[in-house]
Amino acid sequence: MTAPSTFGLSSEARNLHWLLTNLVEEVPGILSVAVVSSDGLLLLSSDPALVHARTDQGEAAAGAPEARAVKRAGPRGSAADLATVVSGIGSLTVGAAKLMDYGQVKHTMVAMDEGSLFVMSISDGSLLGVHGSAECDMSVVAYHMALFVGRAGHVLTPELRSELRKSMENKTLENESTGSPC
């Protein structure tokens, strides 16, 4: 995977980028990953080039469901959409937990016909969301997400969240000016 540009970022931000890249590369079946702030803003996302590289290595030729998901045009399947879904599911489950008076939500898993969605709390409302293929092993994904959360949770300070948010905004502006869809 070509790592997302980390030029000009703090060492903590570069470490989070590395952890995210490692998560996507190490776990088979992960299509995309998003780290979302408590207010629903995308802080960090996986490099879409990896998803395209994975499907181009044979899965696309076989017509796998992952290939169909990756080849969607427009906003469907984008990092911003994953962030929106992750934030919505996070908010819904927190509300349900409060209503039922069962404590804090630790994680949520949604299994669909052609894929899975995993949402896990990181710290003070921040969330890690993973979009996986139908063939991914849910227990392996959950384990690696827990490792990410354990490593990232203590460094995700308000200052770092602000830095990551600005980095994502700059990346969006750069992509809009070049006409790049990612």
Side-chain angles (χ1 to χ4, degrees), residues 1-4 16-38 40-97 105-122 125-153 164 168 171-172 175 180-182:
M1 170 177 178
T2 304
L16 280 180
H17 275 278
W18 180 85
L19 286 171
L20 188 87
T21 300
N22 193 47
L23 175 66
V24 175
E25 287 180 346
E26 294 295 318
V27 183
I30 288 183
L31 300 174
S32 58
V33 179
V35 175
V36 182
S37 68
S38 60
L41 296 176
L42 181 63
L43 298 177
L44 197 60
S45 71
S46 58
D47 184 4
L50 174 65
V51 177
H52 293 293
R54 278 190 172 173
T55 56
D56 290 344
Q57 293 174 359
E59 293 173 3
E66 304 91 339
R68 288 195 302 274
V70 169
K71 293 187 181 239
R72 288 184 178 145
R76 292 187 74 185
S78 71
D81 285 345
L82 178 59
T84 301
V85 171
V86 166
S87 179
I89 287 175
S91 179
L92 181 65
T93 56
V94 165
V105 176
K106 296 178 183 177
H107 61 269
T108 305
M109 298 191 306
V110 180
M112 299 167 273
D113 288 341
E114 294 186 18
S116 302
L117 178 65
F118 307 86
V119 180
M120 191 172 284
S121 299
I122 299 176
S126 297
L127 301 167
L128 171 64
V130 173
H131 172 217
S133 69
E135 292 79 24
C136 73
D137 183 332
M138 289 186 181
S139 62
V140 172
V141 172
Y143 172 76
H144 283 275
M145 287 177 70
L147 289 177
F148 180 95
V149 167
R151 294 172 181 157
L164 292 170
M168 289 301 294
K171 183 178 177 182
T172 300
N175 289 337
S180 174
C182 300

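Looking only at side-chain heavy atoms (C-beta outward), L82 and L117 come within less than 4.5 Å of each other.
When the options V35, T108, V86 are evaluated for a side chain to side chain contact (heavy atoms under 4.5 Å, CB included) with L127, the one that passes is V86.
With sequence neighbours left out, L164 forms a side chain to side chain contact (heavy atoms under 4.5 Å, CB included) with A13, L16, H17, L43, L44, L156, L160. Listed by chain and residue number, nothing satisfies the side chain to side chain contact (heavy atoms under 4.5 Å, CB included) test with L92 (two or more places apart in sequence, or in another chain). In this structure L41 satisfies the side chain to side chain contact (heavy atoms under 4.5 Å, CB included) test together with S37, D39, R165, sequence neighbours excluded. A search for side chain to side chain contact (heavy atoms under 4.5 Å, CB included) contacts involving V141 returns V27, I30, F118, V130, C136, M145, not counting sequence neighbours. Partners of T84 by side-chain hydrogen bond (donor to acceptor under 3.5 Å, both in side chains), not counting sequence neighbours: none found.
In plain terms, the two heavy atoms of V105 and S121 that are nearest each other are O-OG, 3.0 Å. Nearest heavy-atom pair across S116 and M138 is OG-CE, 3.5 Å. Looking at every heavy atom in both residues, M120 comes nearest to A142 through CE-O, 3.8 Å. Taking all atoms of both residues into account, the shortest heavy-atom contact from L42 to A79 is CD2-CB, 3.7 Å.
Interatomic distance, CZ of F148 versus CG of N22, reported as 10.0 Å (0.5 Å rounding). Taken to the nearest 0.5 Å, the OG1 atom of T93 stands 10.5 Å off from the NE2 atom of H107. Distance check: L31 CG to H131 NE2 gives 5.0 Å after rounding to the nearest 0.5 Å.
The main-chain N or O of S32 is never found under 3.5 Å from a side-chain atom of S46 such that the two would form a donor-acceptor pair.
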